[in-house]
Amino acid sequence: MNAGLRRPDGPAKLTGAARYTADQPVPDALVAALVGATVPTGRLTGLDVERAAAAPGVVRVLGRADLPPLTEVSAPPAGHVLPMRDDLVHHEGQAVAIVLAQTAEQARYAAGLVEATYAEVTPPLLFGQAEDVVPVGGNVLGEPDERKGDPEDGLAVADVVVSETYGTADRHHSPIEPAATTAWWEGGELVVHASVQAAGLTQQALAVVFGLRPEQVRVHCRYIGGGFGSKGYLWPQVVLAAAAAKAVERPVKLVLTRAEMFTMAGHQPATRQVVTLGATADGDLTAIRHHSSNASARAVDYAEATTHTSTWLYRSPAIETAFRIQRVDRPGPTPMRAPHEGPGMFALESAMDELAYGLGMDPVELRLRNEPEVDPLTGRPFSSRKLVECLREGADRFGWADRPAATGALRDGDDLVGWGMAVASMDTFRSPSAVRLRVDADGHVVIESSVQEIGTGLPAMVRAAAAEVLGCAPDDVDLSHGDTGLPPHGGTIGSMSTMGLGSAVQAAAADVLAKLGAEPGGGRPLADLMAEAGLDELTAEGRWAPEASALVGGRSAEYSMHTYGSIFVEVRVDAELGLVRMSRAVGTYGAGRILNPLAARSQMIGGITWGYGQAVLEESVFEPDLGRFLSKNLAGYVVPVNADIGEIDVSFVDDEDRLASAIGAKGIGELGAVGVSAAVANAVFHATGRRVRNLPIKIPDLL
């Protein structure tokens with residue numbers, strides 16, 4: 001469509017003019033601080049709030065009895081048990097009281113003065129101690145068990161079999177902006193400014209919690225300072241801010257601390273996965289078996305569908321997958337950038353690399369040899385699939401043909417050099433979207449949607465989509481967004497926004513031209529068309545929704561619908577210190593039509609950086625005696641920084657998928673994070689001869 005549009009929201013963000021949730025000035029607002037449980041399990045038996053209530057600036061200390069009745073919300077959109085409805089403690093850090101004061105410092109100081117007592121405290125049940133169980137409820141994506149053919153027969157005829165266990169760690173999202181909420185009541189209606197990724201879902205959930213009609217709740221969220229999934233569900237702080245505001249009849253602002261983001265906004269749960277692959281001597285897969293289990297919470301059956309990719313990625317006569325959960329004592333997990341495929345592809349693509357070495361075959365050639373013509377599990381055609389093109393172009397751009405097969409063959413001074421690769425793939429999630437488009441007499445266009453700008457450049461995408469149909473300059477288009485009073489949007493989650501919002505925008509733009517008697521892309525200025533029609537303003541509604549038979553994920557009744565890519569990396573491992581650095585990476589992707597190449601490339605660079613963090617840095621250690629995440633800060637939880645990242649080359653192959661969306665686009669926001677950890681681990685093996693099957697890769701693994 002174009003070489004790339006710069007973000008129209010950029011200047012406001014760079015100059016500080018863009019107001020995030022906590023920046024919104026609200027007269028007479030009290031500032032809230034939460035008192036968190038200090039035990040991982042048990043029952044709250046008492047709260048001594050006398051010292052806190054007498055502290056400077058404190059207006060009120062609220063316990064369970066002080067809040068209005070709250071109705072539990074099913075998950076999703078809730079990712080937790082609603083706190084302060086009873087005396088049960090489900091995890092450390094769970095809110096047990098709310099302190100309201102004039103300033104944040106006063107509220108947090110007083111919160112530390114509240115003394116809670118507990119009974120029936122027992123040691124927490126940990127991941128690895130609980131039994132694997134079949135997950136149930138709204139947090140289960142697709143079928144936990146899928147099967148085609150007989151894997152035992154396939155393994156029996158295999159010349160080479162690989163069967164290994166792989167593990168991924170608990171990880172936290174850590175956006176720049178902590179979750180924030182300001183809430184107040186106007187008569188019987190609730191107004192909320194909240195940092196959320198789905199304002200419409202938040203509106204619906206709050207209506208259930210407080211027994212209101214959805215139209216009695218208005219949620220505002222124009223900008224989000226990062227979310228990565230941590231703001232996709234309705235978390236306790238939003239409900240508690242609104243409940244506190246109702247209790248004191250004043251606006252209440254609640255901004256989580258960084259430590260609270262580690263206990264009250266979800267995390268990606270640890271997984272343990274067993275992958276078994278069988279193949280003939282010439283590399284044809286005879287069986288794929290992928291079983292997985294993840295840590296969940298006792299009260300929330302959040303399941304990582306880590307096994308689903310193994311059902312559509314490679315041709316095999318026998319496929320068996322199963323995912324389970326363990327109900328343990330910890331905060332509820334939630335989707336995190338590239339859920340499901342992110343941890344699942346580490347296991348599958350590591351196993352494929354091990355199989356390639358067992359066969360004495362190039363890892364790229366093994367994947368090309370097992371490319372399916374149709375979905376291997378269902379037999380349905382793919383809506384589009386450019387994986388072969390991604391593999392070949394990625395290998396060429398990286399220089400893969402020069403890779404020596406032997407481990408430890410490349411060295412540069414004190415560094416052992418390794419080359420590794422993996423495939424990336426994601427489900428294509430889709431959700432309905434609606435917009436309102438207004439054209440004024442001067443030809444200026446305003447598009448209205450409740451969508452939130454999360455940092456991915458949605459305003460530029462909207463400009464591009466509208467300008468293509470209307471024939472105007474992108475700068476003539478503005479986006480008004482971030483308010484549930486505007487046309488609904490499914491949310492900036494699941495990499496769904498571009499295809500849904502863009503399709504709705506183009507539908508509205510086409511409707512405007514039809515009313516003006518013009519053809520899409522006809523080139524006539526909108527101002528001239530408006531003048532000929534004698535109109536000062538023209539409005540049109542645009543809607544788009546996937547076909548009624550479509551599932552939430554990548555399989556509809558007729559098609560198998562996914563995005564694809566290849567990732568090649570070079571790592572350098574210090575032979576003496578065991579330090580791993582990713583010196584360069586090449587990612588090539590087939591992810592539908594790319595509307596704004598500049599923003600798309602930025603997304604993939606961020607995703608690759610995210611995947612590198614999963615590979616060698618990120619781990620939320622769960623302390624078994626305390627029953628809590630140990631380092632609830634960014635000192636003990638390490639994320640990648642600029643100095644960690646080498647050269648990254650990103651490219652896209654042509655892939656217009658009109659079956660996925662009306663504009664031919666699919667989701668890319670999470671795809672870049674998939675496969676990177678496997679490629680890094682495979683490169684580490686190529687450099688050192690040491691196969692690391694548990695993430696993150698640590699220095700002791702390589703010494």
Side-chain angles (χ1 to χ4, degrees), residues 40 75-76 79-81 90-91 124-146 164-173 228-230 232-233 262-263 265-276 289-311 320-351 426-427 494 553 610-611 614-615 618-622 624 627 629 670 673-674 677-678 693-696:
H80 57 88
V81 174
H90 296 276
H91 62 84
L125 189 62
L126 307 175
F127 187 45
Q129 295 178 342
E131 293 184 1
D132 287 346
V133 296
V134 179
V136 296
N139 272 314
V140 182
L141 176 68
E143 295 295 329
D145 297 281
E146 297 184 286
E164 297 292 348
T165 300
Y166 305 88
T168 61
D170 291 306
R171 301 165 66 215
H172 278 83
H173 308 70
F228 315 111
S230 68
Y233 282 3
F262 278 77
T263 56
H267 62 279
Q268 186 173 74
T271 72
R272 294 294 177 267
Q273 306 176 53
V274 180
V275 178
T276 303
R289 176 184 287 150
H290 189 171
H291 290 186
S292 176
S293 178
N294 70 261
S296 194
R298 283 187 190 265
V300 182
D301 276 14
Y302 177 79
E304 290 279 0
T306 52
T307 62
H308 281 175
T309 326
S310 296
T311 68
E320 177 186 285
T321 64
F323 62 83
R324 300 289 185 266
I325 64 166
Q326 292 183 18
R327 297 188 180 113
V328 294
D329 296 312
R330 60 171 60 191
T334 199
M336 177 170 165
R337 190 178 193 175
H340 316 304
E341 290 89 348
M345 290 284 279
F346 166 68
L348 176 63
E349 289 300 281
S350 293
M426 280 288 295
D427 248 336
W610 191 275
Q614 180 194 29
E618 296 182 54
E619 180 180 21
S620 296
V621 176
F622 197 82
F629 289 110
E670 295 165 296
V674 181
S677 58
R693 300 186 179 95
N694 290 285
L695 298 181

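Position 1 is the first residue of the sequence; numbering continues from there.
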Query - Gln273 vs His290 side-chain heavy atoms within contact, under 4.5 Å - result: yes

Query raised in the report: Can you name the closest pair of heavy atoms from Gly627 and Pro124 and give their distance?
Result: CA-CG, 3.7 Å

Query raised in the report: Salt bridge check: are Arg324 and Asp145 linked by an N-O gap of less than 4.0 Å?
Result: yes

Requested in this report: Say whether Gln326 and Asn294, considering side chains only, have a donor N or O and an acceptor N or O under 3.5 Å apart.
Outcome: no

Query raised in the report: Does Thr168 reach the side chain of Glu304, with side-chain heavy atoms less than 4.5 Å apart?
Result: no

Requested in this report: Starting at CG of Asp427, measure out to NE2 of His308 and round the result to the nearest 0.5 Å.
Outcome: 8.0 Å

Query raised in the report: Is there a side-chain contact between Arg693 and Thr165 (heavy atoms, below 4.5 Å)?
Result: no

Query raised in the report: Using the ring of each side chain (for Trp, its six-membered ring), is Phe622 parallel, tilted or perpendicular to Phe629, with breaks at 30° and 60°?
Result: perpendicular

**Report entry** Nearest atoms (heavy-atom pairs only) where Pro333 meets Tyr302
**Finding:** CB-CD2, 3.6 Å

Requested in this report: List the atom of Val140, the atom of Pro144, and the distance in Å for their closest heavy-atom pair.
Outcome: CG1-CG, 4.2 Å

Requested in this report: Heavy atoms only: give me the nearest Ser293-Phe127 pair and the separation to one decimal.
Outcome: O-CZ, 3.8 Å

**Report entry** Any donor-acceptor N or O pair under 3.5 Å, side chains His172, Glu618
**Finding:** no

Requested in this report: Please examine the side chains of Asp170 and Arg330, heavy atoms only from C-beta on, and report whether any two atoms are closer than 4.5 Å.
Outcome: yes

Query raised in the report: What is the distance from atom NE2 of His340 to atom CD of Glu670, rounded to the nearest 0.5 Å?
Result: 8.5 Å

Query - Non-hydrogen atoms of Thr321 and Thr311 that approach each other most closely - result: CG2-CG2, 3.6 Å

Requested in this report: Could you pull out the closest heavy-atom pair between Pro624 and Leu126, with the gap in Å?
Outcome: CB-CD1, 3.3 Å

Query raised in the report: Taking side chain as C-beta onward, heavy atoms only, is Pro343 less than 4.5 Å from Gln268?
Result: yes

